[in-house]
Amino acid sequence: MVQATEQPLSFEAFIDYKAMGIAEYWIVDFRALGAARVIGQPKQPTITLCTLGADGYQLERFTGNDRLVSPTFEDLRLTAQDIFRAGAD
């Protein structure tokens, strides 16, 4: 599933995704447009990995040279910066 938009992800999206059984999704904010409470301070390009658990979605942020860790893609060997750089090409 791909959602390409500059609009913020709504709370309803979390409910919809959970109801559809989506176990994992990524929010790629390459322009650092997200709220500081979501992407942190200082604001910087961020990938947020949302993983469905017993208590709802657990969110983990990745920036810069952080190595992405995904339960779905266990053999993934990319950093957040690798993703951002690929999008700039």
Side-chain angles (χ1 to χ4, degrees):
M1 172 184 288
V2 174
Q3 179 177 344
T5 179
E6 291 188 11
Q7 298 300 315
L9 191 63
S10 68
F11 179 73
E12 290 80 22
F14 287 105
I15 296 169
D16 292 344
Y17 294 170
K18 184 177 178 182
M20 289 186 280
I22 296 173
E24 176 181 304
Y25 65 95
W26 301 15
I27 302 169
V28 179
D29 185 356
F30 64 94
R31 293 185 184 158
L33 297 174
R37 65 181 166 73
V38 176
I39 66 170
Q41 279 287 30
K43 290 176 75 168
Q44 58 186 320
T46 303
I47 297 174
T48 304
L49 177 64
C50 307
T51 306
L52 186 57
D55 296 326
Y57 284 100
Q58 305 302 310
L59 281 64
E60 187 171 359
R61 291 192 304 245
F62 300 91
T63 61
N65 289 319
D66 293 343
R67 185 174 162 270
L68 299 171
V69 178
S70 165
T72 302
F73 304 103
E74 294 175 354
D75 295 329
L76 187 67
R77 300 288 182 257
L78 295 172
T79 66
Q81 190 59 41
D82 292 334
I83 300 292
F84 301 134
R85 195 173 18 252
D89 291 342

remark   = Rounded to the nearest 0.5 angstrom, the CZ-OG1 distance for F62 and T46 is 11.0 Å

task = Starting from the C-alpha separation in whole Å, work towards a yes-or-no answer on side-chain contact (heavy atoms from CB on, under 4.5 Å) for L68 and L49.
result = CA-CA 9 Å; L68 299 171; L49 177 64; over 6 Å; no

request  = Please name the pair of heavy atoms, one in F73 and one in E24, separated by the smallest distance, quoted to 0.1 Å.
outcome  = CD1-OE2, 4.0 Å

note = A32 and P45 have their tightest heavy-atom pair at CB-N, 3.7 Å

message = Using every non-hydrogen atom in the two residues, find where R61 and D66 come nearest and quote the distance to one decimal.
response = O-OD2, 4.2 Å

inquiry  = Using side-chain heavy atoms (C-beta onward) and a distance below 4.5 Å, is L52 in contact with Y25?
reply    = no

request  = Compare every heavy atom of T51 with every heavy atom of P71, then report the nearest pair and how far apart it is.
outcome  = CG-CG2, 4.1 Å

N/O donor-acceptor pair under 3.5 Å between R67 side chain and L76 backbone = yes

inquiry  = Atom CD of residue position E74 - does it have more than 12 heavy atoms of other residues, nucleotides or ligands inside 6.0 Å?
reply    = no

request  = Flag the pair I22 / Y57 as yes when at least one side-chain heavy-atom distance between them is below 4.5 Å, and no otherwise.
outcome  = yes

query = Can you tell me how far the CD atom of E60 sits from the OG atom of S70, to the nearest 0.5 Å?
reply = 10.0 Å

remark   = OG1 (T72) and CH2 (W26) are apart, to the nearest 0.5 Å, by 9.0 Å

remark   = On a heavy-atom basis, the closest approach of G34 and D29 is N-OD2, 2.6 Å

request  = Could you give me the CA-CA distance, side-chain angles and deciding distance for I47 and F84, then say whether side-chain contact (heavy atoms from CB on, under 4.5 Å) is met?
outcome  = CA-CA 9 Å; I47 297 174; F84 301 134; 3.7 Å; yes

